[in-house]
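Owing to the predicted nature of the structure, the values given are computational and were not obtained by experimental measurement.
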Amino acid sequence: MIEIEKVYKSFGKLDVLKGVDLTVARGEVVSIIGGSGSGKSTLLTCINGLEPIQSGRILIDGTDVHARSTDLNKLRRKVGIVFQQFNAFPHLTVLDNVTLAPRKVLGMSRAEAEEIAVKQLRHVGLADKLKVYPSRLSGGQQQRMAIARALAMSPQYMLFDEVTSALDPLLVGEVLDTLKMLAEEGMTMICVTHEMTFARDVSQRVAFFHQGILAEIGPPDQIFGAPQHPETQKFLSNVR
Amino acid sequence: MFDYTFQWRQAYRHLPRMLEGALVTLEIAVLSLIIGIVIAVLLAVARDSKSIWLRAPATAWVEVARNTPALFQIYMAHFGLGSFGIYLSPYVALLAGIAFNNAGYLCETFRGALRAIPETQTRAGRSLGMGQAQTFRLIVMPQMFRISFLPTTNQMVWAILMTSLGVTVGMATDLTGITQNLNARTFRTFELFAMAAVLYYLIAKAVMLAARLIAWRLFRY
């Protein structure tokens, strides 16, 4: 379970998150929508401790992410994240991109790590690209590789930060299909997204962020069908 | 006016001795590069560190190495330290001087390359549970070496040519040292130094070729 309690986060004088509360249960898929600069992506980087917070706390299975005593490297094995920019490691082949962390962080042998990597890459449809360098892949393929790379660590939670925003419209579908597949398999996911159809079809709950505040949260039918908050109404009428 | 008689045959007889010297030159150049690269990586990290205790000495190193003559640096390693009772042999002083110079220049080359690697690469590494040092070693450093490859080869050639300065601290076994001694004995100045120049050229070419091969092997992407 991910518990976010009264989280405040600022970059210098700029307040990005102003007291966010959100609880995500095991197996749940929550989509976060909202305008640019509303703090959606920042929240994800706070959840896996890539960014510090000013107050409040975030618990993952009861472990306080920002406590001094917390071993973040260990915690991050539980929480995979995929970014908008795919962040493929350009100097490693697709297979090595995926086996690197299992070998170096989990201490697996090359054979063990490759077995898992091949399984994950097959899962996302890249089994024929093992020996290829990322520069030879399309954006959608690079993003699917990034997903396989995160999954190879067997995380219990996955965070997706606008994973389709940097993609050619033609390639968005293949990545969203991969996310749908993961959701159907029961992965706990928080997806920051601009894909409203995806948010509606795949998530159990949709959260709307506005200026650092979680303005409204509820089942997709409610958020898309009968939004309560005026800002949600305004945002959705502009999106459509 | 032009009454110098070339005596190549006489000079050629000394070629084996000069080749031995060329090997010593190559050895010093390669060692100084390896030491220089290792120190340069550490300096590059230290120069971007938050701690002034790391940043200040690293900056001082780079400033001195890049803004004073290499000759001065080699002199200091031999005669300068000698004044304090630390005696380095000509070989060690030459090696230390050139390694010092290499480290200073390569540090800045590497720092430039580090700027070219997106911060998100480090983020991606950290998000997979890798530590800071691990991320640097496995993800950032290999990309840094690739980006800085061409300017690094410049320094490789410089390192080879700088070894000729060793003669000023009494280095007698490298190519310049041996050529100098042969010249003093035979006065075949033009022939001997022309041969030495060709050998330097060949050493530089050989090192560049080796660097290309290594790069071709390592940077497949």
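For A/Phe83, the part lying near chain B is the side chain, with the backbone staying farther off; criterion is any non-hydrogen pair under 4.5 Å. Heavy atoms of A/Thr45 lying under 4.5 Å from chain B belong exclusively to its side chain. For a residue to count as touching a neighbouring chain, one of its non-hydrogen atoms must lie under 4.5 Å from one of that chain's; by this rule A/Ala88 touches chain B with the backbone only. Contacts of A/Leu106 with chain B are absent, with no heavy-atom separation under 4.5 Å from either backbone or side chain.
Paired with A/Arg144 under the rule side chain to side chain donor-acceptor pair (under 3.5 Å), one option of A/Glu174, A/Gln120, A/His123 passes, and it is A/Glu174.
Heavy-atom pairs under 4.5 Å with chain A peak, among B/Gln134, B/Arg123, B/Arg146, at B/Arg123. The most heavy-atom pairs under 4.5 Å with chain B, out of A/Arg136, A/Gln85, A/Lys104, A/Met153, come from A/Lys104. Taking A/Asn48, A/Val79, A/Val132, A/Leu50 one by one and counting their heavy-atom pairs under 4.5 Å with chain B, the maximum is reached by A/Leu50. When the candidates B/Gly131, B/Pro118, B/Ala124 are compared by the number of heavy-atom contacts under 4.5 Å with chain A, B/Ala124 comes out ahead.
Of the possible donor and acceptor atoms, none in the side chain of A/Thr63 sits under 3.5 Å from a partner among the backbone N and O of A/Leu59.
Inter-residue side-chain proximity for B/Thr153 and B/Trp158 is flagged as unmet; no heavy-atom pair is nearer than 4.5 Å. Using a 4.5 Å cut-off on side-chain heavy atoms (C-beta onward), A/Thr193 and A/Phe160 make no contact.
A salt bridge links A/Glu114 to A/Arg110: one of the charged nitrogens lies within less than 4.0 Å of a carboxylate oxygen.
Using bins of under 30°, 30° to 60° and over 60° for the plane-to-plane angle, the ring pair B/Trp61/B/Phe100 lands in the parallel bin.
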